[in-house]
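The sequence lines fix the lettering, A, B, ..., with proteins before strands; numbering per chain opens at 1.
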Amino acid sequence: MADEVVLLDFWPSPFGMRLRIALAEKGIKHEYKEEDLKNKSPLLLKSNPVHKKIPVLIHNGKPVSESLIALQYIDETWNDNAPLLPSDPYLRSQAKFWAEFVDKKVADFGRKVCMTKGEEQEAAKNGLLDCIELLEGELGEKPYFGGETLGFVDVTLVPCYGWLSVYEKFGNFSIEAEHPVFIAWGKRCLQKKSVSKSLPDQQKLYDFVVQLRKRHEIE
Amino acid sequence: MADEVVLLDYWISPYAMRLRIALALKGIEYERKEEELNNKSPLLLQSNPVHKKVPVLIHNGKPICESVVALQYIDEVWNDKAPLFPSDPYLRSQAKFWADYVDKKISSFARKLWSGAKGEEMEVVKKDLFDCLRLLEGELGDKPFFGGETLGLVDLALLPFASWFSVHDKFGTFSLEAECPKIPPWVKRCFQMESVSESVPSPDQLYDYVVKMRNSRQE
């Protein structure tokens with residue numbers, strides 16, 4: 001029986017981007033369904049009744065929600081090429097630790113840099129810079145967090161690199177100036193087709209946030 | 001070489017309790033080191049420099065932080081008995097989803113219940129908590145445990161919080177039996193297992209602790 005894979009997604013979502021990259025890395029044929037978050041489809045509401053959020057991966061009719069959980073599911077199910085997680089249990093635990101760190105901290109700071117102002121925005125900017133510094137330490141001299149190839153942490157973090165110039169514009173600061181290692185890593189990732197075709201155009205992202213801020217009356 | 005396992009612990013931490021139960025279920029000998037959270041040991045600060053939190057599992061000198069990451073590590077390394085995760089990738093993803101749900105939702109209610117919220121604020125907290133516990137009851141269904149016939153990831157994730165909710169029950173803040181009738185018998189079933197009763201304080205023991213704390217504050 002041929003595999004049926006569907007991804008319920010929303011084009012600017014960094015969480016959705018993670019799954020796009022993983023599916024592309026592993027060459028998994030799938031149907032991409034764009035959701036309108038102001039008018040969620042019955043399929044989304046049925047597939048993720050608890051959180052009603054994207055992304056949702058649906059494999060042969062069975063939904064998997066939460067991007068890091070879906071990444072692990074993809075890695076375990078399509079385990080014949082492009083492994084995202086190492087095979088050694090300790091190294092696996094470290095990759096999961098750093099992915100959780102990105103998930104809990106980086107995404108949230110990034111969102112606040114775009115969607116808040118004043119003191120809250122300043123705190124988010126500093127938080128984001130601190131996270132990037134810690135992550136640079138973890139990357140060290142390796143080309144990718146996964147070593148010689150893209151790994152779990154790379155796939156989790158690179159969507160934030162995809163949002164970088166947007167964070168810089170709204171936060172009015174330069175991440176590039178202080179963190180050349182992070183920038184070099186991001187550019188290296190972008191050379192991979194699976195990444196470059198999964199990240200949206202930065203101008204499009206910027207325009208999207210401008211509209212979002214207007215709707216939320218942030219100025 | 002004999003395995004050296006150390007757990008940096010705090011006896012009433014729900015996250016640490018998860019690991020104590022897992023280590024007991026698997027019959028793993030370990031050294032428990034109780035941390036003073038307002039005077040953290042150099043070992044803790046060195047083992048978890050990013051979050052500086054317990055629990056930390058240290059296996060042959062290598063630290064693993066974040067309780068669910070550590071539970072996965074334990075399950076992969078000591079894989080000869082008492083599996084905590086299902087072997088099927090889809091069922092694994094579902095177990096992780098519900099453990100993540102406990103971490104995202106239940107833990108925040110646990111904090112709010114002890115925060116001294118009163119009146120209408122408390123009523124909202126209680127209502128949200130019961131809604132979440134009812135979803136989990138649905139997931140439990142007619143099974144003795146979330147893991148089926150034996151304790152699994154979701155049992156370990158939820159039990160420490162449920163134990164604390166039982167304390168509120170005893171104080172008369174609410175009736176778990178009335179609101180979520182499947183939860184108290186499930187808690188009781190868990191505590192009938194030696195690995196649980198010998199690893200974590202029972203609701204009665206937690207209740208006595210709170211009474212003692214309150215009395216000592218009044219003196």
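Counting heavy atoms from C-beta on, the side chains of B/V50 and A/F101 come closer than 4.5 Å. Taking the side chain as every heavy atom from C-beta outward, A/Q94 and B/I64 approach each other to under 4.5 Å. You'll find the side chain of A/K104 stays beyond 4.5 Å of the side chain of B/H51, heavy atoms only.
Using the six-membered ring where Trp is involved, A/Y73 and B/Y90 have ring planes that are perpendicular, over 60° apart on the 30 and 60° scheme.
With values rounded to the nearest 0.5 angstrom, A/D88 atom CG is found 9.5 Å from B/E76 atom CD.
Atom NZ of A/K105 sits in a sparse spot, with 12 or fewer heavy atoms from other residues, nucleotides or ligands closer than 6.0 Å. Atom NZ of A/K142 is surrounded by more than 12 heavy atoms from other residues, nucleotides or ligands within 6.0 Å. Around atom NZ of B/K105, no more than 12 heavy atoms belonging to other residues, nucleotides or ligands sit under 6.0 Å away. More than 12 non-hydrogen atoms from other residues, nucleotides or ligands lie less than 6.0 angstrom from CD of A/E34. For A/K46, the NZ atom sits in a loose shell: 12 or fewer heavy atoms of surrounding residues, nucleotides or ligands are nearer than 6.0 Å. The neighbour count for A/E176 CD, taken as heavy atoms of other residues, nucleotides or ligands under 6.0 Å away, does not exceed 12. Other residues, nucleotides and ligands place no more than 12 heavy atoms under 6.0 Å from the NZ atom of B/K188.
Contact annotation for B/H59: neither backbone nor side-chain heavy atoms come within less than 4.5 Å of a heavy atom of chain A. B/P49 does not touch chain A: none of its heavy atoms, backbone or side chain, sits under 4.5 Å away.
A salt bridge between B/K96 and A/E100 is absent, with no side-chain N of the basic residue lying under 4.0 Å from a carboxylate O of the acidic one.
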For this session: Take B/Y101 and A/H51 through the test side-chain contact (heavy atoms from CB on, under 4.5 Å) and record every step on the way to the result.
Result: CA-CA 9 Å; B/Y101 181 80; A/H51 300 301; 3.8 Å; yes

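Top candidate by heavy-atom pairs under 4.5 Å with chain B, chosen from A/S93, A/S65, A/P49, is A/S93.
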